[in-house]
Amino acid sequence: MRTSQEVPAIRQAEAGREAVLLRWGLIPYWAKDEKFGYHTINARAETVDRKPAFRSAFKRRRCLIPATGFYEWKKLNRHKQPYHIRVKDRELFAFAGLWEHWRSPEGKAIESCTIIVTDANEVLKPIHDRMPVILDPGDYDTWLDPDNRDVDRLRSLLRPYPPNRMEFWPVSWKAGSLHMIRLRGLQLAEAVIPARCTVLFLLSPYR
DNA sequence: CCAGACGTTGTT
DNA sequence: GTCTGG
DNA sequence: CCAGACGTTGTT
DNA sequence: GTCTGG
(Lines give C-alpha, C1' and ligand atoms only; values in the text may rest on other atoms or scores of the structure.)
Protein backbone atom coordinates (compact mmCIF):
# COMPACT_ATOMS: atom_id res chain seq x y z
CA MET A 1 0.00 0.00 0.00
CA ARG A 2 1.23 3.43 -0.81
CA THR A 3 1.73 5.75 2.10
CA SER A 4 -0.16 8.56 0.47
CA GLN A 5 -2.44 9.00 -2.46
CA GLU A 6 -4.14 11.91 -4.13
CA VAL A 7 -7.84 11.91 -4.89
CA PRO A 8 -9.99 14.40 -6.76
CA ALA A 9 -12.23 16.65 -4.69
CA ILE A 10 -14.75 19.43 -5.25
CA ARG A 11 -14.86 22.33 -2.83
CA GLN A 12 -16.28 25.80 -2.55
CA ALA A 13 -13.83 28.62 -3.29
CA GLU A 14 -14.39 32.36 -3.40
CA ALA A 15 -15.12 32.32 -7.09
CA GLY A 16 -17.22 29.15 -7.03
CA ARG A 17 -16.70 25.44 -6.97
CA GLU A 18 -13.26 24.13 -7.83
CA ALA A 19 -11.82 20.73 -8.51
CA VAL A 20 -8.55 19.88 -6.83
CA LEU A 21 -6.34 16.93 -6.04
CA LEU A 22 -5.94 16.36 -2.31
CA ARG A 23 -3.92 13.89 -0.31
CA TRP A 24 -6.20 11.24 1.06
CA GLY A 25 -5.78 11.09 4.85
CA LEU A 26 -6.68 14.31 6.64
CA ILE A 27 -3.84 16.08 8.45
CA PRO A 28 -5.17 18.54 11.08
CA TYR A 29 -3.52 21.95 10.96
CA TRP A 30 -2.06 21.36 14.42
CA ALA A 31 -0.54 17.98 13.62
CA LYS A 32 3.19 17.76 14.22
CA ASP A 33 3.75 15.19 11.50
CA GLU A 34 2.16 14.50 8.15
CA LYS A 35 2.03 10.83 9.15
CA PHE A 36 -1.06 11.75 11.14
CA GLY A 37 -2.95 11.38 7.87
CA TYR A 38 -2.13 7.72 7.68
CA HIS A 39 -4.90 7.05 10.18
CA THR A 40 -7.50 9.51 8.96
CA ILE A 41 -8.65 8.22 5.59
CA ASN A 42 -12.10 7.88 7.19
CA ALA A 43 -14.01 10.00 9.71
CA ARG A 44 -16.97 8.61 11.63
CA ALA A 45 -20.22 10.45 10.85
CA GLU A 46 -21.37 9.90 14.43
CA THR A 47 -18.56 12.01 15.90
CA VAL A 48 -17.11 14.04 13.05
CA ASP A 49 -18.46 17.36 14.41
CA ARG A 50 -16.73 16.84 17.77
CA LYS A 51 -13.47 14.98 17.22
CA PRO A 52 -10.48 17.30 17.53
CA ALA A 53 -9.00 16.04 14.27
CA PHE A 54 -12.12 16.77 12.22
CA ARG A 55 -14.36 19.36 13.89
CA SER A 56 -12.56 22.36 12.48
CA ALA A 57 -12.78 21.02 8.94
CA PHE A 58 -16.39 20.00 9.54
CA LYS A 59 -17.28 23.61 10.32
CA ARG A 60 -15.69 25.30 7.35
CA ARG A 61 -14.03 22.85 4.96
CA ARG A 62 -16.47 20.31 3.63
CA CYS A 63 -15.96 18.83 0.18
CA LEU A 64 -17.22 16.26 -2.28
CA ILE A 65 -15.15 13.35 -3.46
CA PRO A 66 -16.41 12.05 -6.78
CA ALA A 67 -16.41 8.33 -7.45
CA THR A 68 -17.78 5.80 -9.88
CA GLY A 69 -17.80 3.05 -7.29
CA PHE A 70 -16.10 1.69 -4.23
CA TYR A 71 -15.02 -1.59 -2.73
CA GLU A 72 -15.62 -3.43 0.48
CA TRP A 73 -14.34 -6.80 1.55
CA LYS A 74 -16.56 -9.46 2.98
CA LYS A 75 -14.83 -11.57 5.57
CA LEU A 76 -15.27 -15.24 4.91
CA ASN A 77 -13.96 -18.10 6.92
CA ARG A 78 -10.39 -17.73 5.88
CA HIS A 79 -10.37 -15.27 3.04
CA LYS A 80 -11.88 -11.93 2.13
CA GLN A 81 -14.04 -11.46 -0.94
CA PRO A 82 -13.98 -7.99 -2.48
CA TYR A 83 -17.18 -6.50 -3.90
CA HIS A 84 -17.52 -3.62 -6.30
CA ILE A 85 -20.36 -1.35 -5.23
CA ARG A 86 -22.13 1.28 -7.31
CA VAL A 87 -25.12 3.57 -7.25
CA LYS A 88 -27.86 2.43 -9.60
CA ASP A 89 -28.40 4.56 -12.67
CA ARG A 90 -25.56 6.92 -11.84
CA GLU A 91 -22.14 6.69 -13.37
CA LEU A 92 -20.82 9.32 -11.04
CA PHE A 93 -21.69 10.11 -7.44
CA ALA A 94 -20.00 11.85 -4.51
CA PHE A 95 -18.79 10.92 -1.07
CA ALA A 96 -19.12 13.45 1.73
CA GLY A 97 -15.61 14.62 2.58
CA LEU A 98 -13.63 17.14 4.60
CA TRP A 99 -10.41 18.85 3.68
CA GLU A 100 -7.69 20.56 5.65
CA HIS A 101 -4.62 22.68 5.16
CA TRP A 102 -1.40 21.79 6.94
CA ARG A 103 2.08 23.27 7.03
CA SER A 104 5.15 21.58 8.43
CA PRO A 105 7.63 23.45 10.64
CA GLU A 106 9.89 23.54 7.60
CA GLY A 107 7.17 25.20 5.58
CA LYS A 108 6.00 22.27 3.49
CA ALA A 109 2.30 22.72 2.74
CA ILE A 110 -0.14 19.86 2.19
CA GLU A 111 -3.84 19.93 1.45
CA SER A 112 -5.49 16.71 2.53
CA CYS A 113 -8.94 15.20 2.86
CA THR A 114 -10.98 12.40 4.40
CA ILE A 115 -14.15 10.51 3.58
CA ILE A 116 -16.96 10.33 6.12
CA VAL A 117 -18.27 6.85 6.91
CA THR A 118 -21.43 5.66 8.61
CA ASP A 119 -23.33 2.45 9.28
CA ALA A 120 -23.79 0.22 6.28
CA ASN A 121 -27.33 0.08 4.89
CA GLU A 122 -29.32 -3.15 4.95
CA VAL A 123 -28.09 -4.25 1.55
CA LEU A 124 -24.41 -3.80 2.29
CA LYS A 125 -24.46 -5.03 5.87
CA PRO A 126 -23.79 -8.64 4.88
CA ILE A 127 -20.58 -7.44 3.24
CA HIS A 128 -19.33 -4.93 5.77
CA ASP A 129 -20.71 -2.99 8.72
CA ARG A 130 -19.62 0.46 7.51
CA MET A 131 -20.00 2.41 4.29
CA PRO A 132 -18.95 5.81 3.00
CA VAL A 133 -21.56 8.56 3.09
CA ILE A 134 -22.93 9.21 -0.40
CA LEU A 135 -24.69 12.54 -0.85
CA ASP A 136 -27.71 13.33 -2.97
CA PRO A 137 -26.93 15.85 -5.71
CA GLY A 138 -29.66 18.06 -4.24
CA ASP A 139 -27.61 18.36 -1.05
CA TYR A 140 -24.31 19.33 -2.68
CA ASP A 141 -24.85 23.06 -2.23
CA THR A 142 -25.77 22.67 1.42
CA TRP A 143 -22.77 20.49 2.12
CA LEU A 144 -20.27 22.68 0.30
CA ASP A 145 -21.37 26.06 1.67
CA PRO A 146 -18.64 27.14 4.14
CA ASP A 147 -21.03 29.63 5.72
CA ASN A 148 -23.58 27.01 6.62
CA ARG A 149 -23.43 26.74 10.43
CA ASP A 150 -26.49 24.53 10.78
CA VAL A 151 -24.76 21.55 12.37
CA ASP A 152 -27.96 19.55 12.79
CA ARG A 153 -28.81 19.98 9.13
CA LEU A 154 -25.32 19.05 8.03
CA ARG A 155 -25.25 16.00 10.27
CA SER A 156 -28.63 14.93 8.93
CA LEU A 157 -27.04 14.48 5.51
CA LEU A 158 -24.63 11.88 6.86
CA ARG A 159 -26.89 8.86 6.57
CA PRO A 160 -26.52 5.47 4.92
CA TYR A 161 -27.48 5.65 1.27
CA PRO A 162 -30.89 4.12 0.39
CA PRO A 163 -30.25 0.38 0.02
CA ASN A 164 -32.56 -0.03 -2.97
CA ARG A 165 -30.35 2.40 -4.89
CA MET A 166 -27.22 0.29 -4.65
CA GLU A 167 -25.88 -2.54 -6.72
CA PHE A 168 -22.82 -4.70 -6.21
CA TRP A 169 -21.12 -7.80 -7.42
CA PRO A 170 -18.12 -9.86 -6.37
CA VAL A 171 -14.87 -9.10 -8.15
CA SER A 172 -11.45 -10.60 -8.32
CA TRP A 173 -8.73 -8.62 -6.74
CA LYS A 174 -5.63 -7.33 -8.40
CA ALA A 175 -3.78 -4.42 -6.85
CA GLY A 176 -3.13 -1.55 -9.15
CA SER A 177 -5.57 -2.68 -11.78
CA LEU A 178 -6.85 -0.04 -14.11
CA HIS A 179 -9.52 -0.07 -16.72
CA MET A 180 -10.88 2.41 -19.17
CA ILE A 181 -14.39 3.74 -19.04
CA ARG A 182 -16.32 6.34 -21.01
CA LEU A 183 -18.10 8.94 -18.97
CA ARG A 184 -19.98 11.88 -20.38
CA GLY A 185 -18.11 11.51 -23.62
CA LEU A 186 -14.70 11.44 -21.98
CA GLN A 187 -12.29 8.57 -21.93
CA LEU A 188 -11.19 8.08 -18.36
CA ALA A 189 -9.08 5.73 -16.37
CA GLU A 190 -10.82 4.15 -13.43
CA ALA A 191 -8.17 3.22 -10.93
CA VAL A 192 -8.67 0.59 -8.30
CA ILE A 193 -6.42 1.35 -5.42
CA PRO A 194 -6.50 -0.45 -2.10
CA ALA A 195 -6.37 1.34 1.21
CA ARG A 196 -7.45 -0.78 4.10
CA CYS A 197 -11.15 -1.30 3.93
CA THR A 198 -12.52 1.43 1.75
CA VAL A 199 -11.17 1.91 -1.67
CA LEU A 200 -11.73 4.84 -3.88
CA PHE A 201 -11.89 4.76 -7.49
CA LEU A 202 -11.61 7.43 -9.67
CA LEU A 203 -11.22 9.51 -12.15
CA SER A 204 -8.18 11.03 -13.52
CA PRO A 205 -7.95 12.01 -17.16
CA TYR A 206 -6.36 9.27 -19.20
CA ARG A 207 -3.21 10.20 -21.04
C1' DC B 1 -2.15 19.70 36.86
C1' DC B 2 0.24 18.72 32.56
C1' DA B 3 1.99 15.52 29.13
C1' DG B 4 0.35 13.40 25.42
C1' DA B 5 -3.16 12.43 22.34
C1' DC B 6 -5.89 13.94 18.74
C1' DG B 7 -7.95 8.69 13.85
C1' DT B 8 -10.12 4.21 11.38
C1' DT B 9 -10.50 -0.67 10.52
C1' DG B 10 -9.43 -5.02 11.93
C1' DT B 11 -4.39 -9.34 6.90
C1' DT B 12 -2.20 -8.42 2.81
C1' DG C 1 -5.72 24.30 19.35
C1' DT C 2 -8.19 21.50 22.78
C1' DC C 3 -9.27 17.47 25.31
C1' DT C 4 -8.11 13.54 28.11
C1' DG C 5 -5.86 10.36 30.79
C1' DG C 6 -2.55 9.36 34.12
C1' DC D 1 -6.23 -8.01 15.47
C1' DC D 2 -3.31 -8.65 19.48
C1' DA D 3 -0.47 -6.99 23.28
C1' DG D 4 -1.04 -5.20 27.52
C1' DA D 5 -3.76 -3.64 31.18
C1' DC D 6 -6.72 -4.75 34.76
C1' DG D 7 -6.94 1.04 40.35
C1' DT D 8 -7.77 6.14 42.54
C1' DT D 9 -7.12 11.27 42.92
C1' DG D 10 -5.77 15.16 40.58
C1' DT D 11 0.10 20.82 41.22
C1' DT D 12 3.65 22.63 43.31
C1' DG E 1 -10.80 -13.92 31.77
C1' DT E 2 -11.98 -9.67 29.43
C1' DC E 3 -11.43 -5.09 27.98
C1' DT E 4 -8.83 -1.50 25.66
C1' DG E 5 -5.57 0.83 23.18
C1' DG E 6 -2.52 0.94 19.44
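Per chain, numbering begins at 1; letters A, B, ... match sequence-line order. Since we're looking at a predicted model, the values are computed, not measured.
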Just checking, is any N or O donor in the side chain of A:Ser56 or A:Arg61 under 3.5 Å from an acceptor N or O on the other one? yes
Transitively linked via ILVMFWY side-chain contacts under 4.5 Å: A:Tyr140 with A:Leu158? yes
Using the benzene-type ring in the case of Trp, are the ring centres of A:Phe93 and A:Tyr161 under 6.0 Å apart? no
Can you tell me, in whole Å, how much space there is between the C1' of E:dG5 and that of B:dA5? 12 Å
Can you tell me the distance, in whole Å, between the CG atom of A:Leu124 and the C1' atom of B:dT9? 17 Å
Salt-bridge criterion met for A:Asp147 and A:Arg60 (N-O under 4.0 Å): yes
A:Arg11 with A:Glu111: basic N within carboxylate O range, under 4.0 Å: yes
Taking only side-chain nitrogens and oxygens of A:His128, does any of them come within less than 4.0 Å of OP1 or OP2 of B:dT9? no
Could you tell me how far E:dT4 sits from B:dT9 if I compare only their C1' atoms? Round to whole Å. 15 Å
Go along nucleotides 1-6 of chain B 5' to 3' and tag each nucleotide: B for a protein heavy atom under 4.0 Å from its base, S when only backbone or sugar atoms are that close, - otherwise. -----B
Do A:Ile115 and A:Phe168 share a hydrophobic cluster (ILVMFWY, side-chain heavy atoms under 4.5 Å, transitive)? yes
Expressed in whole Å, how much space separates the P atoms belonging to B:dC2 and D:dG7? 26 Å
For A:Asp139, give me all partners under side-chain hydrogen bond (donor to acceptor under 3.5 Å, both in side chains), at least two apart in sequence or on another chain. none
Span that lies between the P atom of E:dG6 and that of B:dG4, in whole angstrom: 13 Å
Rounded distance in Å between the C1' positions of B:dG10 and D:dA3: 15 Å
Round to a whole Å and report the spacing from CG of A:Leu98 to P of B:dT8. 11 Å
Between C:dG1 (P) and A:Trp102 (CH2): distance, integer Å: 15 Å
Using the P atom on both, measure E:dG1 against B:dT12 and round to a whole Å. 28 Å
Can you identify which nucleotide, out of B:dG10, C:dT2, B:dT8, has its nearest atom closest to the A:Asp129 side chain? B:dG10
Pairing annotation in dot-bracket form, given for DNA chain B with Watson-Crick or G-U pairs under 3.5 Å and | for cross-strand partners: ||||||......
Taking atom P in both B:dT11 and D:dC1, what distance in whole Å separates the two? 6 Å
Nearest-angstrom distance from the residue atom CD1 of A:Ile41 to P of B:dT8: 11 Å
Are A:Glu106 and A:Lys32 close enough for a salt bridge, meaning some N to O gap below 4.0 Å? no
Considering all heavy atoms, the nearest A:Ile110-A:Arg23 contact: CD1-NH2, 3.6 Å
Has A:Arg130 got a side-chain N or O lying under 4.0 Å from the OP1 or OP2 atom of B:dT9? yes
